[in-house]
Structure formats: C-alpha cells, structure tokens
Amino acid sequence: MINLTIDGKAVCVPEGTTILEAARRANITIPTLCFLKEINEVGDCRMCIVEVEGRKGFATSCIQKVEEGMVVRTNTKEVVEAKRMILDLILSNHQRDCLTCTRNGTCELQKLAMQFNVTQIEYQGAVKIKPIDDLSPSIVRDPNKCILCRRCTAVCKNVQKIGAIDVLERGYESCIGTVNNKSLAEVNCTFCGQCIEACPVGALKEKEMIEDVIEKLHDKDMHVFVQTAPAVRVALGEEFGMPIGTNVTGKMVSALKRIGFEKVFDTNTGADFTIMEEANEFVQRFTKNETLPMITSCSPGWVKYIEMNYPELLGHLSSCKSPHEMFGAILKSYYAEKEGIDPEKIYVVSIMPCIAKKFERQREELKNNGYYNVDAVLTTRELARMIQQYHIDFVDLEESTFDSPMGEATGAAAIFGTTGGVMEAALRTAYETITKEELKNVNFEDVRGEKGIKKATIDIQGNKVKVVVAHGLGNAQKVLEEIKSGNADYQFVEIMACPGGCVMGGGQPIKDAKTRATVDVRALRAGALYSIDEKSKIRKSHENPILKKIYKDYLGEPGGHKAHELLHTHYQKREKYQL
Amino acid sequence: MLVLLFGANKGYIYVRAEYPIAVKRFEVAINQAKEYGILGKNIWNTGFEFELEIRLGAGAFVCGEETALLESIEGRRGQPRVKPPYPANSGLWGKPTLINNVETFANVTKIILNGAQWYASIGTEKSKGTKVFALGGDVINVGLVEVPMGTTLREIVFDIGGGIPEGKEFKVAQTGGPSGGCIPKQYLDTPIDYESLASIGSMMGSGGLIVMDERKCMVNLAKFYLGFTVDESCGKCTPCRIGTKRMLELLERITKGQGKNGDIEKLEKLANMIKKASICGLGQTAPNPILSTIKYFREEYEAHIIKKECPAGECKALTKITINPELCKGCGICKKNCPVGAISGEPKKTHKIDSNICIKCGVCVSKCPFKAISK
Ligand SMILES: Cc1cc2nc3c(=O)[nH]c(=O)nc-3n(C[C@H](O)[C@H](O)[C@H](O)COP(=O)(O)O)c2cc1C
Ligand code: SF4
Ligand code: SF4
Ligand code: SF4
Ligand code: SF4
Ligand code: SF4
Ligand code: SF4
C-alpha cells in the first residue's frame with residue numbers, strides 16, 4: 001500500500017493506483033475530459049492536472065501513479081486557473097451552440113464550463129469550420145464540435161480494432177478523420193456506434209429519423225407500428241433521471257401509445273422467432289456437421305464487420321435475419337393478411353439500442369414483396385427526445401402492456417439484449433429440439449457476464465456441444481482468427497458487435513466518463529434483463545403460444561420454405577473502402 | 001539522435017530523411033565499424049552483439065522529443081508520451097532505454113578515451129566539456145563553433161563571430177532556437193552554461209545561436225519563433241495545440257497595430273500556463289521567446305500597443321515612410337522608383353507619399369540621393 005496526501009487528506013491506496021483514482025477514493029473529484037477508464041488514458045486534454053510537491057510542471061493525474069509520501073494538491077489557485085484557461089481554449093475553438101445541440105444537458109464540456117464558471121471566452125481566435133459528415137445512414141460527425149479528446153479513436157482502434165477514424169493533420173489543424181477524409185459510409189466503419197457512446201460532446205451522434213416518423217404518424221393513410229428491442233426498456237428510464245437498470249417497459253409502452261403509434265409491439269416476439277429459426281438451423285448444421293461453428297447473425301454491426309473483414313467466413317454465419325427484421329417481415333405478411341391491411345400502408349418503426357440497425361434497415365435483401373421489413377429505426381436516445389418533444393412526463397406515466405396478439409414474448413427473448421443471451425436462449429430451444437426432453441435448469445451461467453470471450457461445453461444427450469460467446473469486435477476478431485486458422489473446436493458462436501451486447505449498444509443513453517469509471521452500467525442493465533427472464537412464465541422461445549400459432553397457421557416448419565423466405569437472408573462480401 | 005537499449009544489443013540512430021549527407025555518413029560509419037568488428041555479432045570475440053540501425057524520420061520537429069521519437073520508431077504517429085515514466089524506466093517497446101543526442105555520445109567516447117578528469121577540467125563547475133553552437137544571424141563569421149562551457153556570449157559573438165556587420169549595434173542573441181529566449185546586451189558577459197542560460201530565461205536547446213542587431217523588432221522576433229512552434233505542435237495536448245495558436249494570433253494583432261491594453265498580461269498569463277501544463281518540451285518551451293522578449297523589451301510591446309509604433313521599424317503595418325520637406329530637392333527619383341506609384345510631386349518641388357498606397361517597401365528610402373526619406 002502507498003501512503004500519500006491529497007489536499008491535506010491522508011490517503012492509502014494500493015501500488016499502481018493513479019492519482020486520479022486515489023483522489024476519487026478519498027472523495028476528491030478531479031475533473032477530467034479526455035479520460036475514459038481503460039479505453040483512453042492518455043492525458044491529452046490536461047483537465048486532470050494537479051500539483052505534486054517537488055515537481056516542476058503539473059502532474060497528469062489520470063495516468064501518473066501514486067508514490068510513497070507524495071503530496072498532491074488538486075485545487076490550488078494555479079491549478080484551477082490553468083484548468084479554466086484550458087477550458088477557455090477548448091471553448092474558443094468550439095461551435096458553442098448548446099441550445100440546438102443534441103448533447104445539451106448531457107455534455108461533459110458544457111458541464112465543466114458550468115463547474116468552472118466560464119462565462120465568457122477570454123482567448124478568442126480563429127475557429128475552423130469543417131464540413132459535417134452526414135452521408136452515412138447511421139452516424140453524423142460534426143468536427144466543429146470535436147474537442148480532440150480522442151476517446152472515439154481509442155475505442156474504435158483499441159477496443160473494436162477497426163481504426164475507421166483517427167487523428168489527421170497536426171497542431172491546430174488536427175482533426176478526427178477517416179482514410180482520404182471519406183464519409184464513414186465509404187470506409188471500414190461497422191456502425192457499432194461505440195464512438196458515439198465515448199464522445200463527451202456533440203461531435204458524434206446518430207443520424208436522426210424522428211422527423212420522418214412524425215411525418216408518417218400524421219399520415220392518415222398509414223398504419224404506423226412500433227416495436228421495441230429488449231435492451232431499450234432497461235435503459236430508456238436513465239434519460240429521465242431514473243436509476244441505471246430500471247425496467248420501464250410499461251411506461252415506455254404508454255409513451256409510445258401517447259405519441260400515437262397505432263400498435264406497440266415487442267421485438268422480443270421477433271427474438272423468439274429468431275431463436276426458433278436459429279436453433280433449428282443450428283440443430284440441422286450440427287447433426288450434419290455442416291460449416292461449423294455456426295455464428296449468430298443478429299447484430300448488424302457484427303454482420304457488416306465480417307462482410308468487410310472475413311468474407312471467406314461468411315458461410316459460418318447463420319442465415320437468420322435479426323429479430324426486428326423478422327418481426328417486420330411477419331407484420332407486413334401474416335399480420336397484414338390477418339388484419340386485412342395493405343402492406344404498402346404499413347410503416348414499421350423499430351426502437352433499437354443500436355445505430356447499425358439504421359444501416360441494416362436499408363439493405364436491399366431485407367425486403368419482402370418489394371417492401372422493406374422495417375421502415376425506420378430510432379435509437380433509445382431518439383425515443384427519449386421524442387417523448388420530450390411530445391411533452392410526456394415519463395416518470396409519472398401509467399403502465400401499459402404491448403398490443404396483442406403480437407406482443408407476447410418469452411424470457412428467452414428478453415435476454416437477447418445482453419452478451420450471452422442469444423446463446424442461452426438458443427441453447428434452451430436447441431436442447432429440447434434435439435433431446436425432446438424438458439430442460440430442467442434453463443440458466444446457462446457460463447455464457448453470462450462481462451468476460452470478453454466466454455467458452456462453455458453443454459451436454460446434449462451425450463453430445464458435447466462447445467459454444468463460444470464473444471462481444472466487442474476486438475474479441476470477435478480473435479474468435480474469427482481462431483476459426484480461420486482451423487483451431488476452432490467449437491460448434492456454436494454468439495457474437496455481438498458492442499462490448500456488453502445491445503444493453504451497451506451505440507444507440508443507448510450515453511454515460512459520462514465518471515459514471516463509466518465508477519458504475520458497472522452493463523451489469524445493471526443486463527441484470528434488469530435477466531430479472532425479466534426470471535419472472536417470465538415462459539422462458540423458452542419454442543413454448544411461445546403466439547409463435548406456435550403462427551407457425552401452424554402460416555409459416556409451417558421452422559426453416560421451412562415460407563419461414564426461409566420471410567425470416568432468412570444472405571450476405572455479401574463488402575469492400576472496406578470506397579475510395 | 002541515438003537510442004540505445006542497455007543490457008540489450010540494439011541501437012537506433014534516428015535522423016531526418018531530409019539530411020541525406022548525415023544519413024550517408026552514418027551508413028559509411030556503421031559499415032566501417034562492422035568491418036573493424038566493433039559492431040555486429042561477436043564484437044572483439046567477446047560474444048557480445050550489438051546492432052545499430054538507422055531510422056529515418058519524416059521531418060516533424062516534435063519527433064526529436066525523446067518519447068515522440070520512440071513512438072515513431074515503434075511505428076506510430078510521432079506524438080510525445082506523458083512523463084514520468086521516463087525512457088530510462090520505460091522506453092522503446094516499454095523497455096529501459098538510453099536516449100541521447102549524438103553529440104552526447106560523441107563526448108562519451110572522448111571521456112572513455114581521455115578519462116573523466118580530463119573532461120571535467122573543461123567547462124564550468126556544473127556544466128562540463130564543450131558545446132557546439134551554430135552561430136548565425138547578424139554576425140560577421142557564421143558557422144559551427146565549439147567552445148568550452150562557460151565561454152561568454154561576448155567572446156562568441158565578438159571574438160569568434162567578429163562582431164556585427166555594417167557597424168550596427170548588438171541587440172539580442174537567441175539561443176536554443178524556438179525553445180529558447182533572447183539574451184539582451186546586458187548579459188553579454190554571462191558565461192554560457194546550462195544554469196546561467198536558464199537563469200536568464202533561455203536555454204541551450206539545439207545549440208542554435210542567432211545574433212540580432214538593432215534593426216530587429218522583438219515582438220516580431222517572438223512572432224517568428226512562435227509561428228514555428230505553432231506549425232510544429234503535434235496537436236496532442238490542449239495548451240500547446242490551441243494555446244500557442246492564440247498567442248500567435250495575439251502577436252499578429254499587436255504587430256499589425258491592433259493590440260489592446262492588457263494584451264501583454266494576457267500573453268504572460270497564457271504563456272505561463274502553457275509552460276507548466278503542456279505534455280512535452282515543445283509546448284513547455286514554446287512561450288520562452290515571448291516571455292523573454294516581454295521581460296527585456298516590454299517597452300517595445302507597449303510602443304506597438306499604445307503608440308502603434310514599431311521602434312525597430314520592422315513591423316510594416318506600423319512604420320510610416322515620410323519625406324522630410326527640408327531635405328527634399330524635388331529630384332523625382334523616388335517617384336520614378338516607387339513600385340506602386342505612391343509618390344506625387346512637381347519637379348523641383350517637395351514630393352509627398354500617400355500612406356494609403358505606400359506598401360512600405362523602402363525602395364525610396366535607399367534611392368533618395370539627399371537622404372530626405374526615412375522610416
Ligand atoms: C520539440 C523537441 C525537439 C527536439 N529535437 C531534438 C533533435 O532534433 N535532436 C536531439 O538530439 N534532441 C532533440 N530534442 C531533445 C531530446 O528530446 C532529448 O531530450 C535529448 O536528445 C536528450 O539527449 P541529451 O541529454 O544528450 O541532450 C528535442 C526536444 C524537444 C522537446
Ligand atoms: S457539444 Fe456541448 S458545449 Fe458544445 S454545443 Fe453541444 S452541448 Fe454545447
Ligand atoms: S461506429 Fe464503430 S467502427 Fe465506426 S467509427 Fe465508430 S467505433 Fe469505429
Ligand atoms: S469526436 Fe468526440 S470523442 Fe472523438 S475526439 Fe472529438 S470530441 Fe472526442
Ligand atoms: S451489439 Fe446490439 S447494439 Fe451493438 S451493433 Fe449489435 S445489435 Fe446493435
Ligand atoms: S506540448 Fe505540443 S508538441 Fe508536445 S505533446 Fe503537447 S501538443 Fe504535442
Ligand atoms: S516605401 Fe516603397 S511604396 Fe512607399 S513610397 Fe517609398 S518606394 Fe513607394
């Protein structure tokens with residue numbers, strides 16, 4: 001243990017602790033801006049500087065480690081003045097239009113400016129105006145709001161191992177850019193959106209579709225249906241000040257009804273379809289030993305990744321569409337027929353924790369009978385903004401339930417939103433499909449949790465099925481390399497593009513660096529999903545009565561002709577760069 | 001610069017690709033050393049192995065900063081790392097690394113050959129040995145000079161350098177290039193060593209030594225050096241990336257006659273913050289030219305800001321070229337030579353300069369046979 005004093009307070013922390021961390025443990029907050037725990041620890045912005053007795057310059061508290069007898073001061077006049085000046089400089093080169101900025105109220109820069117009582121810019125000067133990139137269907141990059149903290153490039157390069165964005169130029173001309181300064185639409189970006197989650201300001205955001213949806217809501221001829229992904233309900237409340245991991249399903253449904261959606265459905269029903277199809281596909285492939293391991297395909301960020309980086313392994317990918325696409329296909333076929341609605345007049349909106357789904361939605365192969373399965377994708381954040389736009393007092397809303405008959409879903413579907421969830425749900429169904437016996441313990445603890453790559457072996461009637469669960473594209477890469485080299489001894493793989501899975505997706509409420517360093521956001525949101533599963537009466541997708549009915553009346557067998565037409569898709573090699 | 005991994009058998013010489021002669025010479029030297037068996041495998045049959053590799057830098061000044069250099073060798077963008085840890089503890093590929101200037105290593109061989117006592121006998125109490133300077137600017141003899149530490153500036157400028165040309169007066173010497181500060185004439189007799197230079201706000205730095213005569217404007221000088229650091233900042237940290245740019249903008253305004261009361265204090269405040277808060281030596285020393293010129297020539301800054309005058313006559317926006325009616329004979333030579341037609345006047349009558357047209361090129365000043373025109 002190391003003893004030191006911070007602002008006169010004696011502190012004792014383990015060796016290797018940073019000054020910042022030591023201060024936090026002593027309840028002393030050192031402001032930071034570029035720091036993102038374990039992702040970006042580079043000391044660039046200089047907001048975390050402190051005085052260390054005996055040192056000439058300031059110390060960088062987010063990087064530098066405590067030393068025995070160290071005397072640290074975080075709040076001297078000089079330190080505070082320097083930080084104010086640094087903020088002044090950042091703001092002097094920043095397009096300060098908070099009132100019309102999506103991050104107004106959640107912006108870390110804005111908060112610091114308030115905390116340091118910066119009421120005017122002392123060092124005014126040239127402000128470079130650079131073009132905004134809004135050409136991709138998923139992300140808008142506004143370099144004029146970028147403060148060059150590099151949190152985005154760190155997550156893209158070091159966590160996701162993509163490197164779609166990096167710092168270009170030098171000095172004052174430095175800016176975040178892509179190869180040849182192309183749009184993100186034309187480079188190797190997967191649209192996982194992890195960079196958005198990392199950005200402290202409004203320089204990165206989703207491509208909004210709120211206006212399009214409102215337009216359709218006012219169109220008398222249109223039947224506007226909405227569906228919500230599992231991960232949305234355990235995060236949406238955060239945008240209204242509720243604790244992380246609060247399940248707000250009932251209020252969310254009420255809000256969507258108040259906004260005016262004709263029907264509010266649950267993507268979880270779609271997830272149950274996915275499990276039916278995916279488990280069936282796996283059982284087929286497993287028994288025939290065909291292109292194993294089979295890899296899940298419900299994460300469009302991941303699908304784009306493999307199409308661009310490992311096209312030779314595309315055969316391993318399950319042909320299943322992602323849950324909301326399956327559900328959209330069912331709505332515009334089975335449901336439309338049943339209700340006597342012209343599918344042309346159906347507009348399906350998906351509320352997703354994801355921005356890759358904005359890209360996925362436009363894929364030509366995700367059309368049936370000439371109609372896109374899904375017409376608009378809104379993120380959890382966009383829904384929150386919409387709720388505010390409609391002046392709905394979310395916290396005090398009454399609870400409502402999803403519309404029947406398409407709103408029933410199982411516990412298996414709920415856990416789709418977290419890493420390991422798809423695997424667990426699929427195993428529940430695969431087990432019973434193969435063995436025709438009841439699975440006693442439906443909880444597969446081995447595939448749960450935060451570990452980047454989880455491996456487990458499941459005994460299905462004497463067959464040892466080895467499974468792997470990976471989340472985050474950096475981990476996905478490791479698994480793919482293993483498969484490519486022929487060293488994969490497993491048969492079933494679940495991959496999600498976002499570290500933690502969809503609960504931590506690129507469309508989820510953004511948590512500031514301090515929250516991310518001190519609270520396990522993933523565990524709280526995932527915990528809420530597991531608790532939905534625990535409380536569900538039905539916890540296996542194949543037992544969902546709605547599904548049984550639809551298969552019986554309409555689709556036929558899982559993997560059958562009709563099911564294939566509506567619920568499966570295909571993939572293509574995709575160029576990484578269009579230069 | 002030379003990078004050595006100790007206890008290891010690998011060394012790098014990092015040199016800019018733009019210096020082909022230096023690169024060539026290093027190649028020859030390395031090959032010769034290999035031929036003699038003092039580099040490579042099994043040196044002098046001791047079993048010890050040492051390889052030396054030349055790494056070419058792409059010309060970024062900041063890649064001379066030791067940790068940026070290490071990043072560059074490791075194949076990343078040449079950006080400094082936060083210190084500590086210092087390279088001696090965690091350097092190239094995270095290993096303890098000795099990284100020094102080639103001049104330092106050149107001295108080491110001499111120390112090994114002649115002994116530490118011999119080396120310690122040269123120089124001052126704290127700064128030992130000799131130092132090579134690149135002497136330049138307004139001085140008669142320019143070139144590389146090697147002097148014992150502790151030699152005074154006067155000896156270098158006047159004895160070795162031969163003094164100031166055209167009979168002009170010495171104004172300042174800038175040591176350490178853009179990282180150093182200016183040394184005014186009251187310090188001509190200061191012995192040049194690490195400590196003395198630091199005490200008067202300058203530094204040894206790269207060993208540059210530029211002499212400037214009375215015609216040099218100190219605000220302009222600071223602006224010139226700052227322009228260099230702004231161009232060379234890697235952009236990693238806020239104080240240097242934005243701060244140096246803001247200082248440059250302030251200086252540009254001052255030299256254009258748009259300075260405001262309080263600008264000097266603003267500059268000082270920002271400069272002191274940048275010195276302390278920047279990550280690497282580039283940012284930490286970038287304010288030196290400003291701080292030293294303000295320290296020794298504050299009145300020049302004030303003249304620019306308050307009187308809108310450039311006492312040295314270098315800042316074009318602030319100089320006014322006028323014809324003295326008492327000396328003008330109306331010869332018309334100035335009118336003929338003015339490139340922009342700013343001068344008017346009848347023959348044999350006093351001529352006049354339209355200051356709205358005049359671009360202050362100074363041609364008329366030198367052409368007037370009666371020395372009637374002055375800045
Ligand atoms: C911006 C910057 C540029 C530098 N450029 C060089 C250089 O070109 N050559 C060099 O030898 N040292 C350069 N240095 C100094 C080195 O980083 C390093 O401190 C020095 O070479 C250490 O060796 P020494 O102790 O032998 O001088 C530079 C330092 C900074 C901050
Ligand atoms: S990024 Fe932050 S500081 Fe900048 S305009 Fe948006 S809210 Fe304001
Ligand atoms: S969306 Fe993902 S892949 Fe694209 S730039 Fe952001 S972090 Fe990188
Ligand atoms: S885009 Fe956002 S995260 Fe990336 S460097 Fe700029 S401010 Fe930081
Ligand atoms: S993990 Fe979830 S949120 Fe992330 S890209 Fe995949 S589907 Fe979207
Ligand atoms: S001081 Fe300047 S050169 Fe050094 S790291 Fe900071 S921005 Fe880069
Ligand atoms: S200084 Fe040049 S431009 Fe001005 S009057 Fe003289 S010759 Fe003409």
Side-chain angles (χ1 to χ4, degrees), chain A residues 18 33-34 41-52 55-65 67 76 78-94 121-128 147-150 153 157 166-176, chain B residues 58-63 68 71 76-85 89-90 198 227-250 252-253 262-263 265-267 269-286:
Chain A
T18 61
L33 192 49
C34 71
E41 302 183 345
V42 290
D44 287 358
C45 73
R46 316 307 290 154
M47 280 309 290
C48 76
I49 50 173
V50 294
E51 252 176 42
V52 170
R55 281 211 200 154
K56 232 174 75 196
F58 296 118
T60 314
S61 69
C62 75
I63 301 183
Q64 279 159 355
K65 308 277 193 281
E67 286 165 22
T76 63
E78 211 186 347
V79 168
V80 175
E81 262 177 19
K83 292 188 187 201
R84 264 194 110 202
M85 239 187 284
I86 288 164
L87 267 179
D88 189 283
L89 291 174
I90 293 173
L91 289 165
S92 78
N93 192 27
H94 182 80
I121 309 301
E122 193 180 350
Y123 293 93
Q124 310 250 9
V127 181
K128 277 209 77 159
I147 55 167
L148 282 167
C149 69
R150 295 154 212 235
T153 62
K157 200 193 300 183
D166 209 337
V167 185
L168 307 182
E169 309 285 343
R170 297 192 307 165
Y172 194 72
E173 303 297 316
S174 303
C175 63
I176 304 295
Chain B
F61 174 64
V62 74
C63 284
E71 288 284 303
R76 282 188 295 275
R77 198 180 148 93
Q79 286 189 160
R81 303 171 182 165
V82 171
K83 292 182 278 190
N89 298 319
S90 171
F228 177 85
T229 38
V230 166
D231 280 349
E232 294 298 335
S233 160
C234 82
K236 181 175 157 95
C237 66
T238 319
C240 170
R241 182 181 70 241
I242 310 177
T244 56
K245 173 82 175 175
R246 295 289 174 254
M247 292 200 298
L248 179 63
E249 288 170 337
L250 271 167
E252 276 166 351
R253 286 205 289 274
D263 277 357
E265 292 72 20
K266 243 169 117 168
L267 271 173
K269 199 169 103 180
L270 185 53
N272 284 318
M273 185 280 282
I274 294 171
K275 260 175 98 89
K276 268 193 94 166
S278 293
I279 289 181
C280 87
L282 191 143
Q284 287 159 4
T285 58

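Just so it is clear, the values below take in all heavy atoms, side chains as well, and ignore hydrogens, waters and symmetry mates.
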Donor-acceptor side-chain pairing of A:Ser174 and B:Arg241 below 3.5 angstrom
no
Select one option (side chain, backbone, both, neither) describing which atoms of [X] are under 4.5 Å from chain B's heavy atoms.
X: A:Lys56; result: backbone
X: A:Leu33; result: neither
X: A:Ile90; result: both
X: A:Glu51; result: side chain

I'd like to check A:Val42 versus B:Arg81 (side-chain heavy atoms, cut-off strictly below 4.5 Å). Are they in contact?
no
Contacting region of [X] [heavy-atom separation from chain A under 4.5 Å]:
X: B:Lys83; result: backbone
X: B:Ile274; result: neither
X: B:Thr244; result: neither
X: B:Arg77; result: side chain
X: B:Lys236; result: both

Shorter than 4.5 Å, heavy atoms on both sides: which option in A:Lys83, A:Met47, A:Glu169, A:Lys65 has the most such pairs with chain B?
A:Glu169
For chain B, the option from A:Ile49, A:Val167, A:Ile147 that forms the most heavy-atom pairs under 4.5 Å
A:Val167
Nearest 0.5 angstrom please: [X] [atom1] to [Y] [atom2], how far?
X: A:Tyr172; Y: B:Cys240; atom1: OH; atom2: SG; answer: 13.0 Å
X: B:Asn272; Y: A:Met85; atom1: CG; atom2: CE; answer: 8.5 Å
X: B:Lys276; Y: A:Glu78; atom1: NZ; atom2: CD; answer: 3.5 Å
X: B:Glu249; Y: A:Tyr123; atom1: CD; atom2: OH; answer: 12.5 Å
X: B:Met273; Y: A:Arg46; atom1: CE; atom2: CZ; answer: 10.5 Å

Under 4.0 Å between a Lys/Arg side-chain N and an Asp/Glu carboxylate O for B:Glu232 and A:Arg170?
yes
Sub-3.5 Å donor-acceptor pair from the side chain of B:Thr238 to the main-chain atoms of A:Ile86, do we have one?
no
Determine yes or no for a side-chain-to-main-chain donor-acceptor pair under 3.5 angstrom, with A:Gln124 supplying the side chain and B:Arg246 the backbone.
no
For chain A, find which of B:Pro84, B:Pro85, B:Cys237 contributes the most heavy-atom pairs closer than 4.5 angstrom.
B:Pro84
Please evaluate residues A:Asp44 and B:Ile279 with respect to the criterion side-chain contact (heavy atoms from CB on, under 4.5 Å), reporting the C-alpha separation (whole Å), side-chain torsions for both, the decisive distance (0.1 Å), and the verdict.
CA-CA 8 Å; A:Asp44 287 358; B:Ile279 289 181; 4.0 Å; yes
Check [X] against [Y] and note the closest heavy-atom contact, atom names and distance.
X: B:Lys245; Y: A:Ala126; result: CE-CB, 4.5 Å
X: A:Ser92; Y: B:Ile242; result: OG-CG2, 3.8 Å
X: A:Glu122; Y: B:Lys266; result: O-NZ, 3.0 Å

Set of side-chain hydrogen bond (donor to acceptor under 3.5 Å, both in side chains) partners for A:Lys128, sequence neighbours left out:
A:Glu173
